[in-house]
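In what follows, a single structure is set out as structure tokens and then discussed.
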Amino acid sequence: MPRLTLPAPADYLLKRDFCSYGYFLLFPNHWDPRRQLFSRVLSLSGGPVHIEVTQPNGRGTPIAVQLGRALTKAERNEAVHQLTRMLRLDDTSENIRAFHSLDPRWKRLGRARLMRSPTLFEDVIKTVTSCNVSWPNTVNMNRRLCETLGDVVEGPEGTAFSFPSAAKIARTRSQTLRARCRVGYRDARIVQLARLFSIAPKCGGIDQSWLEDPATPDEAVFEFLIDLPGIGPYAAANIMQLMGRYRRLPLDTESVRHGRTLLGYKGTSAHVMKQVHRHYAPFGDHAFRSYWFELWEFYESKHGRSWTWERDSTGKMFTAALLSKT
DNA sequence: GGTAGACCTGGACGC
DNA sequence: GCGTCCAGGTCTACC
């Protein structure tokens, strides 16, 4: 079986750093808690490939990737690029030290990295499918998007699907998305986003290199994102944290619950949100990481360490009704 | 600039 | 098992 090996930073721990953000539970990602193995289908220029990712020798040792088929040199580079993005292997130790010096609570556990998708497009669509719905519904939308529009691959444990490409969704009728993927009123917005991602910047498409360039100011990125269909202030801030821009907080009803129950703030939702913003402002460029790891610790206090969670049974763990029972 | 209401799905609840 | 209510962020119309 073809393999790929990725060097890991000295502090990298796959189970902790991969199971660090809710998207690790969304299709086509699959974390196997028993084998401590992450698998999914990656979309490469030569077609889809099923991968299995482990860190056999633990913290700081290389990441082993089992490939479902042989890759060309160009495809290997693409796979490395996508996995590096996804696992945040490129988050520098200076950056992580800066976070830990601002918020030392997470130094002992080594928490700093937040997993994300192999592409910005997948992160954007996952964010849209997480707005204005309960978590189990988000899980279903992503599963149906993959099963309906993704490329099919035979993996070691049966049929697996890729996340659909922007080009594929751009060619799909919005009614199909609504009827078969159950995305509701998000249908046309998802198709519009896919079109913007699948055409060249000079033809009116999204200039991803400008958007992901660290030199582009936060404010410019935010203004650009909230002009996109289906993207409001919450979604834009969430996409920004997925891009590694942690200063702006994506606050939602879950943040209000956190502000009330754990931080002790009182008053209207709008008032609590303002207090939460103020609470994390001292963490500056790392505000979201401080906020998120507090939330994550709360979830783990209820359900055990995230790397023990099963994708197919965690949906109901994150309903508002259950989370409000502190 | 601020606010009300529609959008759509699925879970919770009452019967 | 069925019907009703409600949660959730974005968008538009309106003031």
Practice problem: Sequence neighbours left out, what pairs pass ring pair (Phe, Tyr, Trp, His ring centres under 6.0 Å) with at least one residue falling in residues 247-281 of chain A? | Solution: A/Tyr280-A/Tyr291

Could you go through residues 182-192 of chain A and list every donor-acceptor pair under 3.5 Å that involves a side-chain atom there, pairing it with any protein atom two or more places apart or in another chain?
{"from": "A/Tyr185", "atom 1": "OH", "to": "A/Asn132", "atom 2": "ND2", "distance (Å)": "2.9"}
{"from": "A/Arg186", "atom 1": "NE", "to": "A/Cys131", "atom 2": "O", "distance (Å)": "3.4"}
{"from": "A/Arg186", "atom 1": "NH1", "to": "A/Val183", "atom 2": "O", "distance (Å)": "2.7"}
{"from": "A/Arg186", "atom 1": "NH2", "to": "A/Cys131", "atom 2": "O", "distance (Å)": "3.1"}
{"from": "A/Arg186", "atom 1": "NH2", "to": "A/Asn132", "atom 2": "O", "distance (Å)": "3.3"}
{"from": "A/Asp187", "atom 1": "OD2", "to": "A/Arg178", "atom 2": "NE", "distance (Å)": "2.9"}
{"from": "A/Asp187", "atom 1": "OD2", "to": "A/Arg178", "atom 2": "NH2", "distance (Å)": "3.3"}

Exercise. Can you establish whether the number of heavy atoms outside A/Arg180 located under 6.0 Å from its atom CZ is more than 12?
Key: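 No.
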
Between [N] ([atom2]) and [X] ([atom1]): distance, integer Å:
X	N	atom1	atom2	answer
A/Asp252	C/dG9	CG	P	5 Å
A/Arg143	B/dG10	CZ	P	10 Å
A/Met141	B/dG10	CE	P	8 Å
A/Arg186	B/dG10	CZ	P	10 Å

Self-check item: Presence of A/Arg257 side-chain N/O under 4.0 Å of C/dA7 phosphate oxygens OP1/OP2
Solution: no

Quiz item: OP1, OP2 of C/dG9 versus side-chain N and O of A/Thr253: anything below 4.0 Å?
Solution: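 Yes, within the criterion.
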
Quiz item: Is there a side-chain contact between A/Leu177 and A/Leu145 (heavy atoms, below 4.5 Å)?
Solution: yes

Enumerate, atom names and distances included, each donor-acceptor pair closer than 3.5 Å involving a side-chain atom of residues 195-204 of chain A, sequence neighbours excluded.
{"from": "A/Ser198", "atom 1": "OG", "to": "A/Ala194", "atom 2": "O", "distance (Å)": "2.9"}
{"from": "A/Ser198", "atom 1": "OG", "to": "A/Arg195", "atom 2": "O", "distance (Å)": "3.2"}

Quiz item: Any chance the side chains of A/Gln36 and A/Thr54 put a donor and an acceptor closer than 3.5 Å?
Solution: no

Quiz item: What residues form a ring-ring contact (aromatic ring centres under 6.0 Å, His included) with A/Trp307, not counting sequence neighbours?
Solution: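 Partners of A/Trp307 by the ring-ring contact (aromatic ring centres under 6.0 Å, His included) criterion come out as none, since no residue qualifies.
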
Quiz item: What one-letter contact string describes nucleotides 10-15 of chain C from 5' to 3', where B marks a base within less than 4.0 Å of any protein heavy atom, S marks contact via sugar-phosphate atoms alone, and - marks no contact?
Solution: SS----

Quiz item: Quick one: is the NZ or CZ of A/Arg289 closer than 6.0 Å to the six-membered ring centre of A/Phe283, and within 45° of its axis?
Solution: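 Ring-cation test returns no.
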
Self-check item: Of residues 173-183 of chain A, the positions that come close to DNA chain B - non-hydrogen atoms, cut-off under 4.0 Å
Solution: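 Per residue number, the list reads A/Arg178, A/Arg182.
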
